[in-house]
Amino acid sequence: MCGIIAYYGDELAAPILLEGLKRLEYRGYDSAGIVTIDSKSEFQIKKDIGKVLEIHERLNLMDLEGTTGIAHTRWATHGGVTRENAHPQISNNNKIAVIHNGIIENYKELKAKLISEGFQFSSETDTEVVPNLIEYWMRIRGLDFVHAVFNSFQSLEGNFALVVLDRDSKTIVGSKNGSPLVLGIGQNNDFFLASDIPAFLDKTKDVVYLYDGDTVIITGSSGAKRSYEILDFRTGNPVDRLIQSVSWDIEHAAKGEFDHFMLKEISEQVETIQSAASQDREKIQDIIQRIKKARGVFLIGCGSSFHACLSASYLFSKLASFHVNAVLASEFSAYEDFLKEDTLVIAVTQSGETIDVLDAIKTAKQKGCQIVSIVNVMGSSATQFADESLFLNVGPEVSVLSTKTYTAQLAVLTLLAFSLAGKYEEGLRRLKYLWNIVYNLTAESMRIRIKQLADELSSHDHIFVLGRGSLYATALEAALKIKEVSYIHAEAFAGGELKHGPISLIGKGTPCIVFVSKDTESKILSNAMEVKSRGGYLIGVGSHKIDTFDEFVKVPESEELNPISQIIPIQILSYQLAVILGHDPDRPRNLAKSVTVR
Ligand code: F6R
């Protein structure tokens, strides 16, 4: 996954693009680059490996001239992390610049064809074929820029969001096909294209959500003459899209007083759980009817979103005596034969762009299934495929790790489970009341307490996590949080499974976090005793201290809502571990915010 930002207007482009890159860095941070068109109609390009600010310190990205430009932050897929592989990629005749998010699957054939036409390549990327294909259609086949772009895009296979800058006609074309791209309309008839709205949120809140095939053409260099049109690159036909206003503020996309977005987003949960629970009641009832009518309901997601699905599957069963299948989206194709027209698939995805989720949705759609999406990012691909969508309403999540969106997903799913049991009011009331508990869990005093625990745990190579029932899903999520940001190996087990093998891993001092709730207490505590009697070091998370625990984190009992509250101290622990171990909590190695590759 990579981040794209483009600007076309009267202001200096470089500062706008640099700011946009900083806000998009969660999408990729191994290299970055900017290209603008200067007053002599020449390209000015700067790109390098490293994080955006490191590159800026080395190269000064602000001093590029011109009011039109495109910029990119990369998460390497094809080709290593080198300056040559960083974007923008430029055509052989130095007239076409391209930035790209996604994968062009047939790039090898296209590259071979271009090489046979005399083109040379300087990078290992799939992207470099695009500017050269456009040059081919213009220089060798005599097409104008826009037709050359359309012809080129029609020959691409795979997922992409592409933005192309033509030096001579000073035109920007941006196209979406399976990867996100949104158009921003500025106050001064200036335009933005970006992978995500926060990239230009300080400039405008007016956006056009683009759909697959949509291709935006921005021309007319100055003031009133500037305009855009949207065509479908597959057919060449014009497309009409609404301009919509987003409710997010720029503060949502800034760190404020916090050192890292991760801590900011953990702290925001006092409010975000409330906003996630504030859903349109009619929409909830509509989804409940779909669930009741369906013969077979799947909850699908990846990573943390899958953990939210798994947690909810326990709740649906316990609260509403309703069976749902929680399935990893990447494994969903194995269930294809069970899909019928009356199957309902509920896709849970923060970004709405995870390719494994989109593949699963497409499979289900082909079988005629109904799709409901639970999504944070409005206008994202998942919402475009879904028959109905519920939004998390928690603002952008910038840190790569899911924190506030995970608890928001749980809040929405919990509300659905209560509603399915005919207890919508009770569910809403309980979720709103959780505010009190979350307030204390995210307070400074809790951070200080957890910091002590993190100091103790930071020297360990392994941490185990135990839970039962819906808290087994919490254990999986806790282990994921710890390992992805601290790089300490963390592994979760259902309490009852310990004795079936994993207990052989427990030795003297092995840390083991145990989630305890009223309904699982007696069984999980006997599992904890099994750990203790083999020398393990127990960290209990629950409503009251038990003598067996070496460490204890108090989280008041919230019954069905325990999965929402109990994960919060472990989110903080993961954050503290990363800071103590000198890792960047917002940008863990090898990870990207939304995974658009298979
Ligand atoms: C973990 C994390 C990932 C995502 C997963 C799915 O902190 O963020 O595991 O949960 O990549 O992403 P979405 O929800 O965007 O589909």
Side-chain angles (χ1 to χ4, degrees), residues 1 3 26-28 75 101 159 178-180 195-196 260-263 265-266 269 276 299-312 326-332 345-362 371-386 389-392 394 396-410 412-413 473-474 476-487 490 492 567-568 570-575 577-578 583-598:
M1 169 179 104
Y26 70 89
R27 302 180 62 85
W75 187 75
N101 171 29
N159 291 306
S179 298
S195 308
D196 202 355
H260 299 100
F261 280 107
M262 184 177 173
L263 187 59
E265 287 158 2
I266 290 171
Q269 290 174 111
L299 282 174
I300 60 162
C302 298
S304 297
S305 299
F306 169 70
H307 297 154
C309 294
L310 185 65
S311 189
V327 176
L328 282 166
S330 56
E331 294 292 322
F332 189 64
V345 174
I346 304 180
V348 180
T349 164
Q350 184 284 132
S351 61
E353 301 293 348
T354 302
I355 197 78
D356 293 327
V357 176
L358 297 182
D359 283 349
I361 291 177
K362 285 178 194 164
I371 313 288
V372 168
S373 71
I374 299 179
V375 180
N376 193 36
V377 179
M378 285 189 164
S380 56
S381 302
T383 65
Q384 296 176 7
F385 291 122
S389 293
L390 289 173
F391 292 97
L392 301 179
V394 300
E397 187 173 65
V398 178
S399 173
V400 164
L401 283 86
S402 306
T403 52
K404 65 174 177 177
T405 57
Y406 175 70
T407 52
Q409 288 168 343
L410 285 176
V412 172
L413 289 163
T474 311
L476 288 168
E477 174 63 6
L480 177 62
K481 285 289 91 84
I482 293 170
K483 70 184 138 200
E484 67 183 332
V485 74
S486 74
Y487 318 148
I567 192 62
I568 293 173
I570 307 304
Q571 293 174 340
I572 300 172
L573 175 70
S574 310
Y575 170 79
L577 284 170
H583 309 313
D584 181 347
D586 289 336
R587 286 167 292 194
R589 68 184 179 204
N590 306 335
L591 295 181
K593 181 72 185 159
S594 86
V595 183
T596 51
V597 289
R598 286 185 186 91

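Atoms within each ligand, like the ligands themselves, are counted from 1 in listed order. This one's a predicted model, so the numbers in the text were calculated from it and none came from an experiment. Counting begins at 1 with the first residue of the sequence.
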Touching ligand 1 at all, V400? Heavy atoms, strictly under 4.0 Å?
-> yes
Near E484 (heavy-atom distance under 4.0 Å), the atoms of ligand 1 are 1 (C), 7 (O)
Who's the nearest protein heavy-atom neighbour of atom 3 (C) of ligand 1, and how far?
-> S304 N, 4.1 Å
Hey, can you tell me if H260 and Y575 have their rings parallel, tilted or perpendicular (30° and 60° cut-offs)?
-> perpendicular
Do L263 and P585 touch side chain to side chain, with heavy atoms closer than 4.5 Å?
-> no
Spatial distance of atom CD1 (I266) from atom CD1 (I568) [nearest 0.5 Å] | 9.0 Å
Looking at side-chain heavy atoms only, is the closest gap between H307 and I567 below 4.5 Å?
-> no
By number and element, which atoms of ligand 1 are closer than 4.0 Å to a non-hydrogen atom of K481?
-> 1 (C), 7 (O)
Assess whether side-chain hydrogen bond (donor to acceptor under 3.5 Å, both in side chains) is satisfied between S305 and Q409, documenting all intermediate values.
-> CA-CA 7 Å; S305 299; Q409 288 168 343; 2.9 Å; yes
Spacing of CD1 belonging to I355 relative to OG belonging to S179, to within rounding of 0.5 Å | 6.5 Å
Heavy-atom proximity to atom 5 (C) of ligand 1, best of G301, A382, A329, C302 = C302
In the protein, which heavy atom is nearest to atom 15 (O) of ligand 1, and how far is it?
-> S351 OG, 2.6 Å
What protein heavy atom sits nearest atom 8 (O) of ligand 1, and how far off is it?
-> S402 OG, 2.7 Å
Would H307 count as a contact of ligand 1 if the rule is a heavy atom under 4.0 Å away?
-> no
Given side-chain hydrogen bond (donor to acceptor under 3.5 Å, both in side chains), test E353 with S380 step by step and report yes or no.
-> CA-CA 6 Å; E353 301 293 348; S380 56; 4.8 Å; no
Where is the nearest protein heavy atom to atom 11 (O) of ligand 1: which residue, which atom, and how far?
-> V595 CG2, 4.2 Å
Shortest reach to atom 16 (O) of ligand 1 by a heavy atom, considering only T354, D356, V485 | T354
